[in-house]
Amino acid sequence: MSEKKVIMLGNEAIARGAYEAGVKVSAAYPGTPSTEISECLIKYKDEIYAEWSPNEKVATEVAIGASISGVRSMACMKHVGLNVASDPLYTVSYMGVNGGLMIVVADDPGLYSSQNEQDTRMVARAAQLPVIEPSDSEEAKDYVKRAFEISEQFDRPVIFRTTTRLAHSQGIVTLKEREEIEDKPYEKNIQKNVMMPGNAKVRHIEIEKRNLELAEAANTLDLNRVEMNDTKIGVITSGIPYQYVKEALPNASILKLGLVNPLPKKLIEEFASKVETLYIIEELEPVIEEQVKSWGIQAIGKEIFTVQGEYSANMIRQAILKEELHLKAPAPAPGRPPILCPGCPHRSVYYVLKKLRLHAAGDIGCYTLGAVPPLGVVDTCICMGSSISSLHGMEKAKGKDYIKKWVACIGDSTFLHTGVNSLMNMVYNKSTGTVMILDNSTTGMTGHQDHAATGKTLMGEETYAINIQELCRAIGVKNVVEVNAFDIELLEKTIKEEVAKDEVSVIITKTPCVLLSKAKKPLYRVKLESCRGCGRCMTPGCPAMTKGADRRIRIDDTMCTGCGLCESLCKFRAIELVKEAK
């Protein structure tokens, strides 16, 4: 194939880079902004095996196993997923690799879809792992290949750091042929691959040596480059901020770092000596800045830049050039709180919980939106699987009577991610509490990916679908009830019964996400002559419903998905089905 230029998302370019680099195994758990990498990998399913794993820890261990066997492998996740994967991550740092091993981690400056802004570079420094960071789609593809070469050359797993802006921005990419990398032979090596204390002590010395070799090589590595221009201003930067620097300071001298851990000390010292004023521009934490200043190099960084959110060219102009930007203020936009989709089965669940005046310990997923008005029943959201564990903690702190005012709400994918262990803990430690698994048959918030209970793999193959109800019983939960989320009378009755029990209960609301089906939906309308304007049908907050100046309700037929919740709530029979689904 002759070289061809195409436009690609950063995530798509990473997948292409994996293909060209000869990767054979990839594992991941979906999480914005990293999800599309794996979805794009299945274009190359004849060459690359790709899977959705139950969580990031498992995904990392799958990739490690493939590396040990001698092939190039990778695991993909968002930044908080790296926390889940940290156990194998810290250990494989001591082990090293056989086939090249890359961990792709997508950070989220600006908190577009995350619960924190943690900086993966800090985790990598603690784990003593090299970090490569591209600045555009072309580099994203090319740097993947370099990451595997460095991994194998220095016997190090490599973290490939990206961010939301790079992951979801497009750029021109030059396509090249796939490199057919010969599998590394597997050789039994207990000292390298079995991390018991005696072996780990020796391996710790070895990785320190390898990291020193890599730090020295970083001074001449092609991933780090100097762009000398006007020497009045010098900038050390990396990743997406490099693009902002180029726009805001086109005449500045720049040291662009592609390898951001370990840092090239000699190269940085040489660059700093050639410029009058040195700035370090990096989003989130002062990871580069603190190291550079610790070497006695004078630089300006977080004194004038924030540790929060994304940067921009305008921000850099204002901070360094002191430019007064006379930008026209945008017109004020009306407040639009995040809401569940019309017809979402979570809405009816939260409506009933609110009616019963129950608190919900929440989890990560679409159902977190139950925290905002008008539903407002979700009181906590910590991390994946935490709803069940925190419910258990409340029961142990306050007792059985207190916990009857609470339930835990968790989705099907999240339950399989880390909720299973939490439920096991409740049973084992003789807890009391009601766990609601809101089973919408998909991984909804990240874009409808399959998981271990949907019956289909990432590769599109039919597979065994875990029966969540049977799984809960196998753990030891005696009270497991499955109900339709839209049968609100039965749902209310079931919740009342289960929260009253002095043991663990599980309620599964098994109702598919409304966006999964492409079939035509039923359609409801309001009989205006019968509507009393009581607003009861609007209490769940469906965006398809509005109240007119006459206080009577209207249903937007372009948004209505035909779930029927409003009809079931109307005491005056003012809402009718006008069109059956076909």
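Starting from 1, each residue takes its place in the sequence as its number.
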Please tell me if the side chains of [X] and [Y] come closer than 4.5 Å, counting only heavy atoms from C-beta onward.
X: Leu223; Y: Ile150; answer: yes
X: Tyr367; Y: Leu340; answer: no
X: Leu278; Y: Gln298; answer: no
X: Gln291; Y: Ile268; answer: no
X: Ile42; Y: Glu39; answer: no

request  = Any pair with a residue in residues 277-287 that passes side chain to side chain donor-acceptor pair (under 3.5 Å), sequence neighbours left out, goes on the list, sorted by first then second residue, please.
outcome  = Arg121-Glu282

Output the distance between atom [atom1] ([X]) and atom [atom2] ([Y]), rounded to the nearest 0.5 Å.
X: Leu516; Y: Ser441; atom1: CG; atom2: OG; answer: 7.0 Å
X: Lys141; Y: Ile14; atom1: NZ; atom2: CD1; answer: 12.5 Å
X: Ile236; Y: Leu267; atom1: CD1; atom2: CG; answer: 8.5 Å
X: Cys513; Y: Met445; atom1: SG; atom2: CE; answer: 11.0 Å
X: Gln449; Y: Thr35; atom1: CD; atom2: OG1; answer: 5.0 Å
X: Ser253; Y: Glu276; atom1: OG; atom2: CD; answer: 10.0 Å

Short question: side chain of [X], backbone of [Y] - any donor-acceptor pair under 3.5 Å?
X: Thr454; Y: His451; result: yes
X: Asn224; Y: Gly258; result: yes
X: Glu20; Y: Leu175; result: no
X: Asn261; Y: Leu129; result: yes

ask   = Given the rule in the salt bridge (charged side-chain N to carboxylate O under 4.0 Å, His left out) test, do Arg16 and Glu12 qualify, once you have shown the distances and angles that lead to the verdict?
value = CA-CA 6 Å; Arg16 178 67 191 190; Glu12 187 180 5; over 6 Å; no

Strictly by modelled atom types, are [X] and [Y] linked by a side-chain donor-acceptor pair under 3.5 Å?
X: Ser114; Y: Lys78; answer: yes
X: Tyr242; Y: Glu139; answer: no
X: Asp107; Y: Thr120; answer: yes
X: Tyr29; Y: Thr443; answer: no
X: Thr457; Y: Glu51; answer: no

[X] with [Y]: basic N within carboxylate O range, under 4.0 Å:
X: Lys176; Y: Asp142; result: no
X: Lys45; Y: Glu461; result: no
X: Glu269; Y: Lys266; result: no
X: Glu310; Y: Arg165; result: yes
X: Glu206; Y: Lys192; result: no
X: Glu149; Y: Lys145; result: no
X: Glu133; Y: Arg161; result: yes

task = Can you spot which of Thr164, Asp108, Thr446 makes a side chain to side chain contact (heavy atoms under 4.5 Å, CB included) with Thr32?
result = Thr446

note = side chain to side chain contact (heavy atoms under 4.5 Å, CB included) test vs Pro109 passes for just one of Thr163, Asp119, Val307, namely Thr163

Worked check of side chain to side chain contact (heavy atoms under 4.5 Å, CB included) between His346 and Leu369 = CA-CA 9 Å; His346 303 333; Leu369 295 173; over 6 Å; no

If you draw a 6.0 Å radius around [atom1] in [X], do more than 12 non-hydrogen atoms from other residues or ligands fall strictly inside?
X: Ile304; atom1: CD1; result: yes
X: Leu321; atom1: CG; result: yes
X: Glu303; atom1: CD; result: yes
X: Met122; atom1: CE; result: no

request  = Could you please spell out the steps behind the side chain to side chain contact (heavy atoms under 4.5 Å, CB included) verdict for Gln115 and Ile364?
outcome  = CA-CA 9 Å; Gln115 64 266 46; Ile364 303 296; 3.8 Å; yes

task = Go through the steps to decide whether Asp155 and Arg203 satisfy the test salt bridge (charged side-chain N to carboxylate O under 4.0 Å, His left out), and finish with yes or no.
result = CA-CA 11 Å; Asp155 192 19; Arg203 288 301 300 175; 3.3 Å; yes

inquiry  = I need the minimum non-hydrogen distance between Ala140 and Gly10, along with the two atoms involved.
reply    = CB-O, 4.1 Å

request  = Give the ring-plane orientation class for Tyr44 versus Tyr19, where under 30° counts as parallel, over 60° as perpendicular and anything between as tilted.
outcome  = parallel

Working for side chain to side chain contact (heavy atoms under 4.5 Å, CB included), residues Lys456 and Glu462 = CA-CA 5 Å; Lys456 186 172 286 189; Glu462 299 294 324; 3.5 Å; yes

ask   = Which residue pairs satisfy the ring pair (Phe, Tyr, Trp, His ring centres under 6.0 Å) criterion with at least one member in residues 71-116, sequence neighbours excluded?
value = Tyr94-His204

request  = Evaluate the criterion side chain to side chain contact (heavy atoms under 4.5 Å, CB included) for residue pair Ser93 and Ile207; output intermediate values, then yes/no.
outcome  = CA-CA 8 Å; Ser93 176; Ile207 67 159; 3.9 Å; yes

May I have the list of side-chain donor-acceptor pairs in residues 56-76 shorter than 3.5 Å, sequence neighbours left out?
residue, atom, partner, partner atom, Å
Glu56, OE1, His417, NE2, 2.7
Lys57, NZ, Glu61, OE2, 2.5
Thr60, OG1, Glu56, O, 2.9
Ser67, OG, Asn98, N, 3.4
Ser67, OG, Gly99, O, 2.6
Ser69, OG, Ala66, O, 2.6
Arg72, NE, Glu152, OE2, 3.0
Arg72, NH1, Ala21, O, 2.8
Arg72, NH2, Glu152, OE1, 2.9
Ser73, OG, Ala63, O, 2.6

